[in-house]
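Here the structure is laid out as structure tokens; the discussion comes afterwards.
Along the sequence shown, residues are numbered consecutively beginning with 1. Just so you know, these numbers use all the heavy atoms, side chains as well, and skip hydrogens, waters and symmetry mates.
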Amino acid sequence: FYIFSSLLVKAMGFLLLPIYTLFLTPDDYGVTNLVIGFINVATFIVAFSLYSAAIRFYTDYKDNHRKLKRLYGTIISFVFISGIVSLTLGVVFRNAVVSIFFEGIEFYPIVFIAFLSLVFISLHTLHQSMLQGMQKGKKLTKLNLTVFIATAALKIIFIGVFKLGAVGFLLAQLIVNIIYFVYMVIDLKKNDLVEWTIDLAILKETLKYSIPLMPHNLSTRIASLASRVFINTSGTLADVGLYSIAMQFGNLIDVVQVAVNKAFQPWFYEMMNRKDEKSKKEAVNLSNVLLVFYSLIYMGIGLFSQEVVILMTNDNYIMAWTVIPILVIGFSIKSMYYFYVNVIMFYKQAARKLFIATIIGSLMDIFLAYLLVPRFGMYGSAVAFVLAKVITVTIVIYLSKLYDDVGYRVMKMLSIIVPSLLFMIAGLYFSYTRYLTVLSFTNLVYKILILTLYILFIYFTNRGVIDKAL
């Protein structure tokens, strides 16, 4: 249920893109995405990654109801106090905050709303983690959908009816999260799940568990925020808006890959536990079939993103499509990560080393973006993203092979991924050279022809694997 609700919310959020871009200028869209990127990073700092502790320690305390109540009361109180401290520091050092993260944006009201939202979004996320730990999937699904619908409705009213722009977009999010906080308090009291206290022993134990997880949880989010900050600093907020639109399209690939991997991973572990070559070979064959499936998604998003962007947004956003194929390359490389990371996660000793790949990849993403964005703008950020993914995947492959070869072959995977990218590049030739900002029926037919040829190519070159799977 939790996976379903997450996917549904992301899909519905994407489908609302035409409405948001109708009422928000690229500058407004850039502001909102810069703020959201900041909040995504700051929530883990404010909460000290206690979200993970809320899930993990439920197992330890579930048979001791009083201790469970003290656990929840302690971490909620701590996160609330931490959020208030962050809000205070944000106000006190507002000039430095704006200079570093929000160049060109006034602290009042937008950045202030961001810091105020940070308090309640951190608590919202913490409550979700509690429900996840208690395996309340149905309840969490209903809450997620309710929050999404309420937030979307308020956003549309504020930006469409009252014409509040970026302020209205962010204000809607703040209002819904404040209401959710009130609901959370009532819900926990009603179910006798909280004792308002700060138990120092419990707090020390949970922080000891959660703080080491912060670098892993923060790394990719910091890289994403840094890219947007660099684009804003060296370009404009409108460029941030265009890049954010492009990344939303690219993320569609990852949404599918994450969802599929959640189903694939338990099955893969079962195959590995059998400890025989036949089971490993079966896992490798299915992985190759999944890569073929993913390659069709690369092609679909990479080839037809131009037409979709033109149809879903207004003229101010058209150039966003030109970044999407570059991001598709990055996400296609990341496909290999999901297969090799399952090998690492299977071996507990190896899992402890996964943060090495994540942190190094994210640091390289930030460093490369710092070098490339000033010269190439949002395209530089996209290239930095691709190169960082190459580095991360390389490290993950190396780590996985230290523990088990399984049977995965990099060259075999690349033989599926690379042709899809080459066909995509061929299909985009006229889009970049002749029809950059216009919708062309002739160009669309050409792309459909290229996609058809690719489907035939991938079938005949992987016929044996596909036939076995079917």
Side-chain angles (χ1 to χ4, degrees), residues 3 6-7 10 14 40 216-227 243-244 246-265 268 284 286-302 305 323-345 351 353-369 381-401 406 408-422 424-425:
I3 297 171
S6 298
L7 289 173
K10 288 177 181 178
F14 180 79
N40 286 341
H216 176 71
N217 290 332
L218 283 170
S219 55
T220 54
R221 291 172 175 85
I222 288 177
S224 177
L225 172 62
S227 293
Y243 184 75
S244 299
M247 186 57 80
Q248 277 189 267
F249 277 81
N251 274 326
L252 291 175
I253 297 172
D254 221 30
V255 167
V256 175
Q257 290 182 154
V258 168
V260 172
N261 193 58
K262 285 183 184 295
F264 175 81
Q265 193 176 62
F268 176 81
V284 171
L286 180 55
S287 299
N288 290 332
V289 172
L290 289 175
L291 264 182
V292 171
F293 167 66
Y294 293 155
S295 74
L296 293 172
I297 298 175
Y298 314 150
M299 285 289 289
I301 294 175
S305 58
V323 187
I324 296 172
I326 303 173
L327 296 174
V328 167
I329 294 172
F331 283 110
S332 68
I333 294 167
K334 191 178 178 182
S335 297
M336 298 168 64
Y337 166 91
Y338 287 107
F339 297 111
Y340 282 99
V341 84
N342 286 334
V343 179
I344 293 176
M345 295 302 290
K353 299 177 182 178
L354 181 59
F355 78 95
I356 297 172
T358 309
I359 292 175
I360 292 176
S362 297
L363 289 175
M364 289 305 300
D365 194 349
I366 295 169
F367 175 69
L368 291 167
S381 182
V383 171
F385 174 81
V386 173
L387 295 176
K389 286 295 169 279
V390 172
I391 293 167
T392 302
V393 170
T394 301
I395 296 171
V396 166
I397 291 172
Y398 173 76
L399 289 174
S400 73
K401 288 188 177 294
V406 179
Y408 285 141
R409 294 293 177 264
V410 174
M411 293 309 297
K412 173 59 180 175
M413 290 185 174
L414 289 176
S415 72
I416 297 172
I417 294 171
V418 173
S420 71
L421 300 179
L422 293 176
M424 180 187 75
I425 292 169

Practice task
Would you check, one step at a time, whether the test side-chain contact (heavy atoms from CB on, under 4.5 Å) holds for Leu286 with Phe268?
Solution key: CA-CA 10 Å; Leu286 180 55; Phe268 176 81; over 6 Å; no
Problem - Audit row: Ser227, Tyr243, side chain to side chain donor-acceptor pair (under 3.5 Å) steps and yes/no - result: CA-CA 9 Å; Ser227 293; Tyr243 184 75; 4.9 Å; no
Practice task
Using the side-chain contact (heavy atoms from CB on, under 4.5 Å) rule, take Asn288 and Val292 through it: C-alpha gap first, then chi angles, then the decisive distance, then the call.
Solution key: CA-CA 6 Å; Asn288 290 332; Val292 171; 5.8 Å; no
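Note that CD1 of Ile329 is 13.0 Å distant from CD1 of Ile324, once rounded to the nearest 0.5 Å. For the atom pair CD1 of Ile356 and CD1 of Ile344, the computed distance is 9.5 Å after rounding to the nearest 0.5 Å. Annotation: the span from Tyr337 atom OH to Thr392 atom OG1 amounts to 8.0 Å, rounded to 0.5 Å. For the atom pair Leu218 CG and Thr358 OG1, the distance stands at 12.0 Å (nearest 0.5 Å). Remark: Tyr294 OH to Met413 CE distance equals 10.5 Å, nearest 0.5 Å. To the nearest 0.5 Å, atom CG of residue Leu414 and atom CE of residue Met336 are 4.5 Å apart.
Using a 4.5 Å heavy-atom cutoff, the side chains of Val393 and Tyr340 are not in contact. Looking only at side-chain heavy atoms (C-beta outward), Asn261 and Asn342 come within less than 4.5 Å of each other. Annotation: side chain of Ser362 is not in contact with side chain of Ile222 (no heavy-atom distance under 4.5 Å). Looking at heavy atoms from C-beta onward, Asn251 lies out of side-chain contact with Gln248 at the 4.5 angstrom threshold. The side-chain heavy atoms of Tyr338 and Val258, taken from C-beta on, include a pair separated by under 4.5 Å. Looking only at side-chain heavy atoms (C-beta outward), Leu399 and Leu354 stay at 4.5 Å or farther from each other. Side chains of Ile333 and Ile417 form no contact here, defined as non-hydrogen atoms less than 4.5 Å apart.
When all heavy atoms of Leu421 and Ser332 are compared, the pair lying nearest together is CD1-OG, 3.6 Å. Taking all atoms of both residues into account, the shortest heavy-atom contact from Phe339 to Tyr408 is O-CE1, 3.5 Å. Here the shortest heavy-atom pairing between Val396 and Val341 reads CG1-N, 3.9 Å. Here the shortest heavy-atom pairing between Ala384 and Ala369 reads CB-N, 3.5 Å. In this structure, Tyr298 and Met424 approach most closely via the heavy-atom pair O-SD, 4.2 Å. Between Asp365 and Ala388, the shortest heavy-atom contact is CB-CB, 3.5 Å.
Other residues, nucleotides and ligands contribute only 12 or fewer heavy atoms inside 6.0 Å of the CZ atom of Phe367.
A donor-acceptor distance shorter than 3.5 angstrom exists from the side chain of Ser219 to the backbone of His216, with no hydrogens or angles considered. Under the 3.5 Å distance criterion, the side-chain polar atoms of Ser420 are left unmatched by any main-chain donor or acceptor of Ser295. With hydrogens and angles disregarded, no donor-acceptor distance shorter than 3.5 Å links the side chain of Ser224 to the backbone of Arg221.
Note: Phe331 and Phe385 have tilted aromatic rings, judged against thresholds of 30 and 60 degrees for the angle between ring planes.
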